[in-house]
Amino acid sequence: MKAIVDCNSFYAACERVFKPALHGKPVVVLSNNDGCIVSRTDEAKQLGISMAGPYFQHREEILRHKIAVFSSNYHLYGDMSRRVMDTLRLLSPEMEVYSVDECFLDLTGIDAAKLRDYALFIKHTTELWTGIPVSVGIAPTKVLSKLANRLAKKDKKGTGGVVVLQTREQLMRAMQQVQVEDIWGVGNAGSQKLHMFNIHTAWDLSLMSEEWARHHLGGVTGVRLVRELKGHPCIEMKDPLVSKKMIATTRMFGKAVYELPELRQAVATYIGRAAEKLRRQQGAAGMITVFVVNHQPKYHVNDYTPSSRSAYRILPTPTYLTNTLIAQAMPLVEALYQQGKRYIKAGVILSHIVPCDHIQFNLFEEPESPQLQKLMHTIDNINFGIQTDILKFAAAGTAKNWKMRQEMRSNRFTTRWDELCIVR
DNA sequence: TCTGGGGTCCTAGGACCC
DNA sequence: TCTGGGGTCCTAGGACCC
């Protein structure tokens, strides 16, 4: 059996841990740049605040209902996520961290009759140790456990936040309650198609043949999905040690950018951040992609149609050195830049990643000098230990007019000495 | 005024090879 | 009139996830 443990309204829950007065009150958290609403507590959902809605469109109701609003505080959420995962690691032999607020557990070997008690134990322990409420779904496959979890979240009172699906009866009744668009792995395109075939619930879909799924539901992906719904596991637990194949750093600007020097600075800054992630997984990138997005505002309010251009370069030798990556990327920025455009976003993507002890050096290139390697290491240590970005490359600039807005960020309670909670 | 960021996997189709 | 067959590798783009 597989379990999925999912934190309820994770970002908002993190804020509540350090502001107990907000318990039982509506809270929302915004995306970077205070752009969209990305986390809402149940109380905020009940007031009609929709997911991923632009903040400025909801500002009035948020004020009217006195909803607490926070800018995103990734230092805090990252650290709270680590605490939740560390707790769960102690409670299960095999786990896969699926996202910042979710993880799968393999419960093979646990007595079927005790599964519900075990799920409750997981839930209570996590909440007691971290202050973050979670829901638990347990079923024979990953897809079915996600489905169980959805039912647990939807009716927290009725289910106690825990749903276990074991018998054929239980599975059937659960699947009949879930619409196809709410199945893990079925998106917009898939669900529209399914409805056209008169398949509306997870149960309907589970009755289809694998051949049918192969033809109409995206080949092997569809087959896997139908098999999982039928109760045959075929989406494996993933190895936690596998490194990322691609590393991206992309941001909307806080203020539109028109000039090339500013655009170069932004891209150089993002490369610094991406290279840091790359070194953390001890990788070297063989390819760098840069993209820029521009948007000319039109006459109607709802016309949001940005357009983007990108360019890439295959590096002569894979590297993790920030300065080399910046040097490779700057000509790309210059090629992409068009005078007079109003840039609202840019990003870099590092790919063709190899382990850095496996770099295949080019016959005509000098291998990277040990001093440069040491320099990177030192920069990372200082930036991580003392203060983010205290050391950076000159190309990244210092003015940063384009930097994102975060006007309502809470303190980084768990990762900064000077921002700790004060208890009187 | 104002619309996030970071990933994975799969497939089709082109390039290339013998 | 008529122009092979089979295979691999790579990339772009779509779909999906949180």
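Throughout, protein chains are lettered first and strands after them, A, B, ... in sequence-line order, and every chain is numbered starting at 1.
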> For S31(A) and dG5(B), is the shortest distance between a side-chain N/O and OP1 or OP2 below 4.0 Å?
no
> Closest to the E102(A) side chain: dG6(B), dC18(C), dT3(B)?
dC18(C)
> Return the nearest nucleotide to the side chain of V220(A); candidates are dC18(C), dG6(B), dT11(B).
dT11(B)
> Toward the 5' end of DNA chain B, which comes first, S243(A) or G218(A), by nearest nucleotide?
S243(A)
> Check whether S191(A) reaches the backbone of N188(A) with its side chain - one donor and one acceptor, N or O, closer than 3.5 Å.
yes
> If you check every side-chain atom of A189(A), which of dG7(B), dA15(C), dG4(B) has the closest atom?
dA15(C)
> What's the separation between atom CZ in R264(A) and atom CD in E334(A), rounded to the nearest 0.5 Å?
4.5 Å
> Under 3.5 Å, is there a donor-acceptor pair between the R227(A) and T141(A) side chains?
no
> Roughly how many Å is it from CD in E96(A) to C1' in dC17(C), rounded to a whole number?
12 Å
> Answer yes or no: is there a side-chain heavy-atom contact under 4.5 Å between V163(A) and N149(A)?
no
> For the side chain of A248(A), starting at C-beta, report the closest nucleotide among dG6(B), dA12(C), dT8(B).
dG6(B)
> Is the distance from OP1 or OP2 of dC18(C) to the nearest side-chain N or O of K146(A) less than 4.0 Å?
yes
> What nucleic acid atoms does I247(A) come within less than 4.0 Å of, heavy atoms only: base, sugar-phosphate, or nothing?
sugar-phosphate
> Stepwise, does the salt bridge (Lys or Arg N to Asp or Glu O under 4.0 Å) test hold for R409(A) with E419(A)?
CA-CA 12 Å; R409(A) 204 201 66 213; E419(A) 296 183 16; 3.8 Å; yes
> With respect to the phosphate group of dG6(B), does any side-chain polar atom (N or O) of R251(A) fall under 4.0 Å of OP1 or OP2?
yes
> Quick one: do the Y77(A) and E15(A) side chains pair a donor with an acceptor below 3.5 Å?
yes
> If you measure from the P atom in dC18(C) to the same atom in dT3(B), how many Å do you get, rounded?
25 Å
> Would you indicate which nucleotide in dC17(C), dT3(B), dG5(B) comes nearest to any side-chain atom of Y98(A)?
dC17(C)
> So, applying salt bridge (Lys or Arg N to Asp or Glu O under 4.0 Å) with D42(A), which one of K154(A), K153(A), K156(A), K157(A) is it?
K156(A)
> Contact class for F10(A) (heavy atom, under 4.0 Å): base, sugar-phosphate, or nothing?
nothing
> Does any N or O in the side chain of R40(A) come within less than 3.5 Å of the main-chain N or O of I49(A), such that one atom is a donor and the other an acceptor?
yes
> What's the CD-P distance between Q192(A) and dG14(C), to the nearest Å?
16 Å
> Separation of Y312(A) atom OH from dC10(C) atom C1', in whole Å?
10 Å
> When you check the phosphate oxygens OP1 and OP2 of dC9(B), does a side-chain N or O of K245(A) lie under 4.0 Å from one of them?
yes
> Would you kindly give the CG-to-P distance between N32(A) and dC18(C), to the nearest whole Å?
20 Å
> Need one value for N188(A): base, sugar-phosphate or nothing, where a base atom within 4.0 Å counts as base even if backbone is also close, heavy atoms only.
sugar-phosphate
> Side chains of M208(A) and L217(A): closer than 4.5 Å at any heavy-atom pair?
no
> For a quick check of understanding: with a heavy-atom distance under 4.0 Å over all strands, which category does R342(A) fall into, base, sugar-phosphate or nothing?
sugar-phosphate
> Across the strands shown, which category fits N33(A) at heavy-atom distances under 4.0 angstrom: base, sugar-phosphate, nothing?
nothing
> May I ask you to say what K193(A) touches in the nucleic acid, namely base, sugar-phosphate or nothing, with a heavy-atom cut-off under 4.0 Å?
nothing
> List the steps, then state whether salt bridge (Lys or Arg N to Asp or Glu O under 4.0 Å) holds for E262(A) with K255(A).
CA-CA 11 Å; E262(A) 278 193 312; K255(A) 220 168 81 183; over 6 Å; no
> Measure CD1/I183(A) against C1'/dA15(C) and give the value in whole Å, please.
16 Å
> Expressed in angstrom and rounded to an integer, what is the separation of H75(A) atom NE2 from dG5(B) atom C1'?
15 Å
> Tell me the interatomic distance from D6(A), atom CG, to dC17(C), atom P, rounded to whole angstroms.
14 Å
> Distance check needed: dC16(C) P versus D182(A) CG, whole Å only.
13 Å
> Applying a 4.0 Å non-hydrogen cut-off, can you work out what I235(A) is touching in the nucleic acid: base, sugar-phosphate, or nothing?
nothing
> Nearest to the side chain of C36(A), heavy atoms from C-beta on, is which of dG5(B), dG4(B), dG7(B)?
dG4(B)
> Would you please confirm or rule out a distance under 4.0 Å between OP1 or OP2 of dG5(B) and any side-chain N or O of Y270(A)?
no
> If you write DNA chain B from 5' to 3' in dot-bracket form, with Watson-Crick or G-U pairs under 3.5 Å, [ ] for crossing pairs and | for pairs with another strand, what do you get?
....||||||||||||||
> Heavy atoms only, 4.0 Å cut-off, all strands: where does G53(A) land among base, sugar-phosphate and nothing?
nothing
> Return no unless some side-chain N or O of K277(A) is found under 4.0 Å from OP1 or OP2 of dG6(B).
yes
> Once you apply a heavy-atom cut-off of 4.0 Å, does Y11(A) come out as touching a base, just sugar-phosphate, or nothing?
nothing
> Among dT8(B), dG5(B), dC2(B), find the nucleotide with the atom closest to the side chain of K244(A).
dT8(B)
> So T249(A), base contact, sugar-phosphate only, or nothing? Heavy-atom distance under 4.0 Å.
sugar-phosphate
> Do any side-chain nitrogens or oxygens of K238(A) fall under 4.0 Å of OP1 or OP2 in dT8(B)?
no
